[in-house]
Amino acid sequence: MDISGQNFIGGKWVPAKSGRVFESRNPATGELLAQCADSGPEDIEAAVGAAREAWESWRRLPAPRRGEILFRVADRLFHDKESLARSLTSEMGKVLVEGRGDVQESIDMAYYMGGEGRRQFGHIAPSELPDKSAYAIREPLGVVGLITPWNFPMAIPAWKSLPALIMGNTVVLKPSPETPLTAALFMKALEEGGVPPGVVNLVMGSTPDLGSALVRHPDVALISFTGSKVTGGKVAVDAATHYKRVALEMGGKNAILVMDDADLNLAVDGILWSAFGTTGQRCTACSRLIVHRAVKDQLVTMLLDKMAKLRVGDGLTPGVEVGPLINRAQLERVHQYVQIGQEEGARLRVGGRQLTEGNCAAGHFFAPTLFDQVTPGMRIAKEEIFGPVLSVLEIKSLEEAITLNNSVEYGLSSSLYTRDVNRAHQAMHDLRTGIVYINAGTIGSEVHLPFGGIRGTGNGHREAGQAALDTFSEWKSIYVDYSGRLQRAQIDTN
Ligand code: NAD
């Protein structure tokens with residue numbers, strides 16, 4: 001059976017109820033990969049119904065048993081890692097080595113959350129009254145709705161669904177219209193790992209009303225959303241009008257700070273990887289280089305030298321380091337930002353154009369781009385571009401660099417290159433982002449630590465780590481009074 005472009009509802013692979021389809025295409029070649037179910041609110045209704053029905057038995061299954069299922073899911077993903085990575089690269093465009101990393105994050109998360117099945121610790125606290133015990137346990141929420149972007153098409157669905165499942169929730173996943181097939185492959189691994197019918201459901205589609213139908217559905221207890229700030233704002237408003245809990249992970253405008261005492265060779269490698277890895281399409285991508293003026297010219301020269309050697313092309317071609325942008329709209333958006341940068345007076349040092357030569361002819365390729373002489377007020381220094389565009393800003397001190405880092409509306413990731421332990425510690429305390437790296441770039445988080453950001457990046461929740469368990473559970477406090485008489489807290493305490 002060809003399940004590739006179908007919804008997964010109640011344990012069955014099914015087309016959209018309307019019969020409508022939309023296309024998934026390879027962004028490097030334009031090749032049509034599949035016709036996919038173009039679902040509507042009626043499909044969301046069916047999926048939420050299936051998830052609601054499955055919840056009672058799933059939440060009653062002991063958490064260690066749920067964990068064993070997640071271990072089997074991890075094994076499936078591990079077994080199929082290479083073919084999954086290749087499919088992911090064909091659909092999303094990131095180079096194969098990064099496609100493997102995307103799948104590996106899902107494997108890591110499945111093992112990590114599988115282990116949480118035996119570690120759902122609560123609290124035991126002494127009661128203020130005699131012959132009374134008090135403790136707190138975690139409870140699942142019910143049906144949770146997951147809305148995901150395209151840039152980590154397997155890892156982000158895994159980051160959300162695996163902690164949701166281990167906590168005893170059932171799931172409806174609404175993936176990005178750019179990467180429905182990768183989401184379906186992830187669902188297939190869950191199915192083959194033994195997740196019972198209805199516990200996870202997938203509804204794909206091309207229109208924004210699909211996501212809003214999930215947000216508005218009265219039987220969905222929580223929405224976990226990752227995507228742009230604009231869409232996140234709409235989801236938050238929608239959720240608020242339905243008194244719904246919502247966890248938002250949104251954009252970034254991340255910076256690498258390079259001090260005058262830094263190891264510049266190390267910094268150059270970190271900057272290249274952070275700015276042009278995944279073609280700059282990571283929420284944690286570095287798009288600002290804040291560099292001490294004493295080393296700026298040298299660092300820019302070193303960067304330009306290495307940028308000239310970056311190989312752009314189809315991510316499945318060996319040796320290619322930078323893949324395509326996801327689609328034409330994103331290509332045009334990046335191009336527009338280059339024009340804005342030039343109009344604002346920044347100096348374009350390299351790139352700034354679409355690539356159409358050779359094996360770039362059929363895809364959405366853009367040359368790795370560097371702007372110098374960027375000032376903090378320019379739009380390219382403040383707004384998320386989500387492409388291979390790096391802006392260089394010059395500073396005279398660490399304090400100035402930190403202030404500049406903290407001045408943007410986002411607060412996801414930041415990094416400092418220095419050999420001075422005092423500067424490193426000052427930065428760790430004063431950089432206002434959810435993630436800080438010292439002597440490494442802005443990308444590379446691991447699944448067992450909290451992931452997320454402050455200000456315009458998030459609304460106070462975190463993905464991954466133990467923090468993900470908080471997102472997908474409620475605390476319940478339990479008091480057992482075995483004194484055999486009425487005891488009044490705060491009153492009968494003397
Ligand atoms: P997007 O906001 O366009 O779409 C995200 C998801 O929301 C998609 O599934 C989309 O179909 C859905 N959607 C669109 N309109 C909706 C609506 N009105 N109601 C409900 N859902 C709706 O984002 P994108 O282009 O897919 O992804 C890129 C963005 O994601 C970037 O801004 C990037 O920084 C961000 N991102 C953030 C993180 C993080 O963890 N902070 C991680 C990855 C990507």
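What you see below is based on every heavy atom in this structure, not just the backbone, and it leaves out hydrogens, waters and symmetry mates. Both ligands and their constituent atoms are indexed starting at 1 by order of listing.
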Peer 1: Specify the closest pair of heavy atoms between Asn405 and Ala255, including all atoms of both residues, with the distance to one decimal.
Peer 2: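 For Asn405 and Ala255, the tightest heavy-atom pair comes out as OD1-CB, 3.5 Å.
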Peer 1: With a 6.0 Å cut-off on ring centres, are Trp159 and Phe451 close enough?
Peer 2: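 Between Phe451 and Trp159, which both carry aromatic rings, the centre distance is below 6.0 Å.
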Peer 1: Can you tell which of Ala285, Gly458, Gly227 gets a heavy atom nearest to atom 35 (C) of ligand 1?
Peer 2: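 Heavy atom nearest to atom 35 (C) of ligand 1 belongs to Gly227.
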Peer 1: Assess, by modelled atom type and distance only, whether the side chains of His461 and Glu249 contain a donor and an acceptor separated by less than 3.5 Å.
Peer 2: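 Short answer, no.
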Peer 1: List every atom of ligand 1 that sits less than 4.0 Å from any heavy atom of Pro177, numbering the atoms from 1 in the order shown and giving each element.
Peer 2: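 Checking each atom against Pro177, I get 11 (O).
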Peer 1: May I ask you to list the atoms of ligand 1 that are less than 4.0 angstrom from any heavy atom of Ser228?
Peer 2: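 Here the atoms of ligand 1 in question are 1 (P), 2 (O), 23 (O), 29 (C), 30 (O), 32 (O).
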Peer 1: Taking atom types as modelled and ignoring hydrogens, do the side chains of Glu91 and Ser24 form a donor-acceptor contact shorter than 3.5 angstrom?
Peer 2: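 Present: a donor and an acceptor within the cut-off.
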Peer 1: Hey, which atoms in ligand 1 end up nearer than 4.0 Å to a heavy atom of Cys283?
Peer 2: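 This gives 34 (O), 36 (N), 37 (C), 38 (C), 39 (C), 40 (O), 41 (N), 42 (C), 43 (C), 44 (C) as the contact atoms.
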Peer 1: Under 3.5 Å between any N/O of Thr226 and any N/O of ligand 1: does that happen in this structure?
Peer 2: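 Min N/O separation from ligand 1 is not below 3.5 Å for Thr226.
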Peer 1: Determine whether the side chains of Thr278 and Lys94 contain a donor N or O and an acceptor N or O closer than 3.5 Å.
Peer 2: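 Short answer, no.
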Peer 1: Answer yes or no for Pro175: is there a heavy-atom contact with ligand 1 below 4.0 Å?
Peer 2: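 Judged by the 4.0 Å heavy-atom criterion, Pro175 does count as contacting ligand 1.
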Peer 1: Return a yes/no value for Arg282: is any of its N or O atoms, backbone included, closer than 3.5 angstrom to an N or O of ligand 1?
Peer 2: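 In fact, backbone or side chain, Arg282 has no N or O that close.
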Peer 1: Is it the side chain, the backbone, both or neither of Ile156 that has a heavy atom closer than 4.0 Å to ligand 1?
Peer 2: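 Side chain only.
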Peer 1: Is there a donor-acceptor contact under 3.5 Å linking the side chains of Lys253 and Ser287?
Peer 2: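 Checked: Lys253/Ser287 side chains pair up, N/O donor to acceptor below 3.5 Å.
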Peer 1: Between ligand 1 and Lys234, is the shortest N or O to N or O distance under 3.5 Å?
Peer 2: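 Lys234 vs ligand 1: no N/O contact under 3.5 Å.
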Peer 1: Which residue owns the protein heavy atom closest to atom 27 (O) of ligand 1, what's the atom, and how far is it?
Peer 2: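 Protein heavy atom at minimum distance: Pro149 CB, 3.2 Å.
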Peer 1: Quick one: nearest non-hydrogen protein atom to atom 40 (O) of ligand 1, plus distance?
Peer 2: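 Residue, atom and distance for the closest contact: Phe451 CE2, 3.1 Å.
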Peer 1: So if I count the atoms of ligand 1 from 1 in the order they appear, which ones are less than 4.0 Å from some heavy atom of Val235?
Peer 2: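 Contacts of ligand 1 toward Val235, numbered from 1: 19 (N), 20 (C).
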Peer 1: I want to know if ligand 1 touches Phe225 in the polar sense, i.e. an N/O pair below 3.5 angstrom.
Peer 2: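 No; the residue has no nitrogen or oxygen that sits under 3.5 Å from a nitrogen or oxygen of the ligand.
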Peer 1: Got the closest protein heavy atom to atom 16 (C) of ligand 1, with its distance?
Peer 2: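 For atom 16 (C) of ligand 1, the nearest protein heavy atom is Thr231 CG2, 3.4 Å.
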Peer 1: Provide, to 0.1 Å, the distance between atom 37 (C) of ligand 1 and the closest protein heavy atom, together with that atom's residue and name.
Peer 2: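 I find the closest protein heavy atom is Met250 O, 3.0 Å.
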Peer 1: What's the shortest distance from atom 19 (N) of ligand 1 to any protein heavy atom, and which residue and atom give it?
Peer 2: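 Looking only at protein heavy atoms, the one closest to atom 19 (N) of ligand 1 is Ser212 N, 3.6 Å.
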Peer 1: Less than 6.0 angstrom from the centroid, inside 45 degrees of the normal: does Arg52 satisfy that with respect to the ring of Trp58?
Peer 2: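 Verdict for Trp58: no cation-pi partner in Arg52.
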Peer 1: Where the closest heavy atom to atom 17 (C) of ligand 1 is concerned, which of Pro208, Gly145, Gly453 has it?
Peer 2: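 Answer by nearest heavy atom: Pro208.
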Peer 1: Any salt bridge between Lys17 and Asp43, counting N to O under 4.0 Å?
Peer 2: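 Result for this pair is no, no salt bridge flagged.
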Peer 1: Quick one: does Phe152 get a heavy atom under 4.0 Å from ligand 1?
Peer 2: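 In this structure, Phe152 fails to qualify as a contact of ligand 1 - no heavy atom is under 4.0 Å.
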Peer 1: Looking at Ser176, which atoms of ligand 1 are within less than 4.0 Å of one of its heavy atoms?
Peer 2: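 Counting atoms of ligand 1 from 1, those under 4.0 Å from Ser176 are 9 (O).
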Peer 1: Would you say Trp150 has any N or O atom under 3.5 Å from an N or O of ligand 1, going by distance alone?
Peer 2: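 Yes, since at least one N or O of Trp150 sits under 3.5 Å from an N or O of ligand 1.
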Peer 1: Any nitrogen or oxygen of Glu384, main chain or side chain, under 3.5 Å from a nitrogen or oxygen of ligand 1?
Peer 2: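 Yes, there is a polar N/O contact under 3.5 Å.
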Peer 1: If you measure every N or O of Trp159 against every N or O of ligand 1, does any of those distances drop under 3.5 Å?
Peer 2: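 No, Trp159 has no N/O under 3.5 Å of an N/O on ligand 1.
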Peer 1: Measuring from the heavy atoms of Asp238, does anything fall under 4.0 Å of ligand 1?
Peer 2: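 No.
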Peer 1: Could you report the tightest heavy-atom contact between Ile402 and Asp430, atom names first, then the distance?
Peer 2: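 Shortest heavy-atom contact: CG2-O, 3.6 Å.
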Peer 1: Nearest non-hydrogen contact with atom 10 (C) of ligand 1 belongs to which option: Lys253, Gln330, Lys174?
Peer 2: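 Residue with the shortest heavy-atom distance to the ligand atom: Lys174.
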Peer 1: For the residue pair Gln104 and Asp108, confirm or rule out a side-chain donor-acceptor distance under 3.5 Å.
Peer 2: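 Judged by distance alone, the side chains do pair up.
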Peer 1: Numbering the atoms of ligand 1 from 1, which are under 4.0 Å from a heavy atom of Asn151?
Peer 2: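 Near Asn151, the atoms of ligand 1 are 43 (C), 44 (C).
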Peer 1: Going by the side chain to side chain donor-acceptor pair (under 3.5 Å) test, name the single residue among Asp238, Asp209, Thr241 that passes it with Arg216.
Peer 2: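 Testing Arg216 for a side chain to side chain donor-acceptor pair (under 3.5 Å) against Asp238, Asp209, Thr241 leaves exactly one candidate, Asp238.
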Peer 1: Going by atom types only, do Ser407 and Lys382 share a side-chain donor-acceptor pair under 3.5 Å?
Peer 2: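 Result is no, nothing qualifies.
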Peer 1: Compute the ring centroids of Phe386 and Trp150, then answer whether they are less than 6.0 Å apart.
Peer 2: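 Centroid distance Phe386-Trp150: below 6.0 Å, so yes.
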Peer 1: Checking a contact table here: which protein heavy atom is nearest atom 8 (C) of ligand 1, and how many Å away?
Peer 2: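 For atom 8 (C) of ligand 1, the nearest protein heavy atom comes out as Thr148 O, 3.4 Å.
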Peer 1: Closer than 4.0 Å to some heavy atom of Ile147 - which atoms of ligand 1 meet that?
Peer 2: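 Answer, ordered by atom number: 6 (C), 7 (O), 9 (O), 12 (C), 20 (C), 21 (N).
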Peer 1: Counting each atom of ligand 1 from 1 as listed, which ones have a heavy atom of Gly211 under 4.0 Å away?
Peer 2: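 In order of number, 19 (N), 20 (C), 21 (N).
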Peer 1: Checking a contact table here: which protein heavy atom is nearest atom 28 (C) of ligand 1, and how many Å away?
Peer 2: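 Minimum-distance protein heavy atom for atom 28 (C) of ligand 1 reads Phe386 CE2, 3.6 Å.
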Peer 1: Verify the distance criterion only: is there a donor paired with an acceptor across the side chains of Ser414 and Asn254 at less than 3.5 Å?
Peer 2: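 The answer is no; no qualifying pair exists.
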Peer 1: Would you please test Arg138 and Trp475 for side-chain contact (heavy atoms from CB on, under 4.5 Å) and show each step?
Peer 2: CA-CA 5 Å; Arg138 291 178 186 275; Trp475 281 105; 3.7 Å; yes
Peer 1: Side chains of Ser90 and Ser87: do they bring a donor and an acceptor to under 3.5 Å?
Peer 2: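 Side-chain D/A pair, Ser90 to Ser87: absent.
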Peer 1: Indicate yes or no: does Glu116 engage Arg66 in a salt bridge with an N to O separation below 4.0 Å.
Peer 2: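 No, no charged N to carboxylate O under 4.0 Å.
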